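A short worksheet on the structure shown next.
These numbers come from a predicted model, not from an experiment. The chains referred to below are lettered A, B, ... by the order of the sequence lines, with proteins before strands, and numbering in each begins at 1.
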Amino acid sequence: MGQKLLMKGNEVIAEAAVRAGCRHYFGYPITPQTEIAHYMAKRMPEVGGVFLQAESEVSAINMVYGAASTGKRVMTSSSSPGISLKQEGISYASGAELPAVIVNIMRGGPGLGGIQPSQSDYFQATKGGGHGDYHMVVLAPASVQELYELTVEAFNIADRYRILTMILGDGVLGQMMEVVNFRDEEKIESSDKSWAACGHENKREHNTITSIHIDPAVLEQWNLRYQKKYQAIIENEQRYELYNCEDADIILVAYGSVARICKGVIKEAQAQGIKLGLLRPITLWPFPVEGFEKVVNIPKAFLTVEMSAGQMVEDVKLASNGRKPVYFTGRMGGMIPTVDNVLSKVKEILGR
Amino acid sequence: MPSRNEDKLTFTKRVNIFCGHYGSGKSEISVNAAVLIGQTHQDVLMADMDIVNPFFRSIDARNALEALGIKVAAPLFANTNVDVPALVPEVSTALRSKERHVILDVGGDEDGARVLGRYHLDIPQDDYDMFFVFNRARPLTRELNETLNYIREIEAASRQKVTRLINNTHYLSETTVNDVLYGLELAKEISRETGIPLAATCVMEGLEGELASRLDHPVFVLKKNILLPF
């Protein structure tokens, strides 16, 4: 049966988290994601959960560290400048192998930047914005329905691997309204939480949650353990969508709301006799190299489209590994690429 | 009070205010109302009063409205890169004028409605309508009691009374006649409980034919002005 509602992207992230069993939310308001906190403030008391507006993003991420240490499902959300403030906590939680979900609804940067949509935190999210050899799983939804699906999944992935999982959206996704179909019940994966610091009742040794290891040889062993986990995630969790790629002259590569614009580009190009396809990464880390292997022989070139100066384009180059030329077009500062912007770049590449 | 059996939604007051839960369609309805009022009045101002929502707002329709001779006012920094909800003095002047027709698109929830309180002394108490817009497909206005709460909170924050209801129940392009009628049931319950009359049911262009014969009150046919970038 389920429930069909018309909701804003940000509201859906919050509702999905509640449905996935998240009962602890710590955050600090920032446009364009404040509706997540607003919704949590109203919703958490209804389900016996905790909503807490911290005094800063730094506090919020450390509260996430604390709650996650007890094995509970926990989330925080922010937008670009706020996510920068969280980086230290993200690195510490990654070292301590804590599962939690972090939402970044990106806005224009650098610095205080602006409140309009952007995708310029790709490097920060996928390459490690904090210090040390760590990774987060980074999921990039492209619709309100997918915000629901992937937020639920983010909690499952986080528990499955004891890893931080980030929902990386942009202001358009957070603010737009679409129909969402909720299931009656979520499949909440059960996972081993025997590591959690939740009271040993004198029945077991106490658990320690920490990222400090005094002996370098021991720290190296921990790092090898993290890397083994990341390798398993690379092997198991790559996700992507292939759209119209079968006989495309150029395959566009775009994620999030820009992928939606690219579908409009494909339609318009079709009307003008130009064959385009789309490879839409759904996981940004692990980057869906498998998707490129499936289509790399088809097009004359790849064209990466981003609301940034060109960040994901580096991963596209690595994935295509010199086999096809890789081009880039994008807008910055809160400006959104139009169908015409992208189409004129396509024509430039094809020499039309 | 307009009759419930008339075909077209009419605006009988000089000041028309649209409020409700955010995401209920206030901005789209405000823009359409401004167009309608502009057809019969020379001096019309539509003010985007939203201090809550950063984008997808009625000011997006500025060019379309100005082309029709309708003036548009918005917070100074609306649709820019900063979140500074500074309202313009023009709104106060327009509300106090005796001739100018004013449409106020108010931000969502009681937070957005609070801004109206500042204009309490400017709003002509005998010459305004405040429309409560709701969409039963939205999560927090699905049942009677929660929706009544919204009305009370908005009235308290805005220091104005809701005078008319608008049923704007829809699921964007997936809307069926039954969805609209489902919303209408709630509209009737609210009306019975509060005595606030139902002014209209909104539909997007195309659905009105099927609906008009099944309603005993005006259908307000909307044209979409606030668009997504794809």
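Heavy-atom distances place both the backbone and the side chain of S257(A) under 4.5 Å from chain B. Interface remark: L5(A) contributes backbone and side-chain atoms alike to the contact with chain B (heavy atom separation under 4.5 Å). Neither the backbone nor the side chain of E15(A) comes within contact range of chain B, judged by heavy atoms closer than 4.5 Å. Using a 4.5 Å cut-off between heavy atoms, S173(B) makes no contact with chain A at all. Using a 4.5 Å cut-off between heavy atoms, V172(A) contacts chain B through both its backbone and its side chain.
A cation-pi geometry, defined here as NZ or CZ lying under 6.0 Å from the six-membered ring centre and within 45° of its normal, holds between K4(A) and Y171(B).
Looking at every heavy atom in both residues, I261(A) comes nearest to P229(B) through CG1-O, 3.7 Å. Closest approach of G171(A) to F55(B), counting heavy atoms only: O-CE1, 3.3 Å.
The number of heavy atoms from other shown groups lying within 6.0 Å of OH (Y28(A)) does not exceed 12. The environment of M335(A) atom CE is sparse: at most 12 non-hydrogen atoms of other residues, nucleotides or ligands sit within 6.0 angstrom. Annotation: K224(B), atom NZ; neighbour count of heavy atoms from other residues, nucleotides and ligands within 6.0 Å is above 12. More than 12 heavy atoms of other shown residues, nucleotides or ligands fall within 6.0 angstrom of atom CZ in R183(A). The 12-atom threshold is not exceeded at CD of E185(A), counting heavy atoms of other residues, nucleotides or ligands nearer than 6.0 Å.
Residues satisfying the ring pair (Phe, Tyr, Trp, His ring centres under 6.0 Å) criterion with H170(B), sequence neighbours excluded, are absent altogether. Taking L85(A) as the reference, E57(A), V58(A) meet the side-chain contact (heavy atoms from CB on, under 4.5 Å) condition, with sequence neighbours excluded.
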Run the side-chain contact (heavy atoms from CB on, under 4.5 Å) test on M177(A) and L228(B) for me, step by step, so that the C-alpha distance in whole Å, both residues' side-chain angles and the decisive distance to 0.1 Å come before the verdict. CA-CA 10 Å; M177(A) 301 201 31; L228(B) 284 168; over 6 Å; no
Test log, rule side-chain contact (heavy atoms from CB on, under 4.5 Å), inputs D109(B) and K42(A): CA-CA 13 Å; D109(B) 294 8; K42(A) 289 199 173 183; 4.1 Å; yes
With side-chain contact (heavy atoms from CB on, under 4.5 Å) as the criterion, how do H38(A) and V52(B) come out once you've worked through the C-alpha distance, each side chain's angles and the decisive distance to 0.1 Å? CA-CA 11 Å; H38(A) 186 96; V52(B) 179; over 6 Å; no
Is there a side-chain contact (heavy atoms from CB on, under 4.5 Å) between R142(B) and Q3(A)? Walk through the geometry before answering. CA-CA 12 Å; R142(B) 295 177 66 72; Q3(A) 196 180 24; 3.6 Å; yes
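Under the 4.5 Å side-chain criterion, counting only non-hydrogen atoms from C-beta, L6(A) is not in contact with R136(B).
In terms of modelled atom types and a separation under 3.5 Å, the side chain of N81(B) and the main chain of Q116(A) share a donor-acceptor contact.
Annotation: the span from E11(A) atom CD to L140(B) atom CG amounts to 7.0 Å, rounded to 0.5 Å. Taking CZ of F56(B) as the reference point, atom CD of Q175(A) lies at 7.5 Å (rounded to 0.5 Å). Here the straight-line distance linking atom CZ of F77(B) with atom CD1 of I115(A) works out to 11.5 Å at 0.5 Å rounding. Interatomic distance, D83(B) CG to R107(A) CZ, rounded to the nearest 0.5 Å: 7.5 Å.
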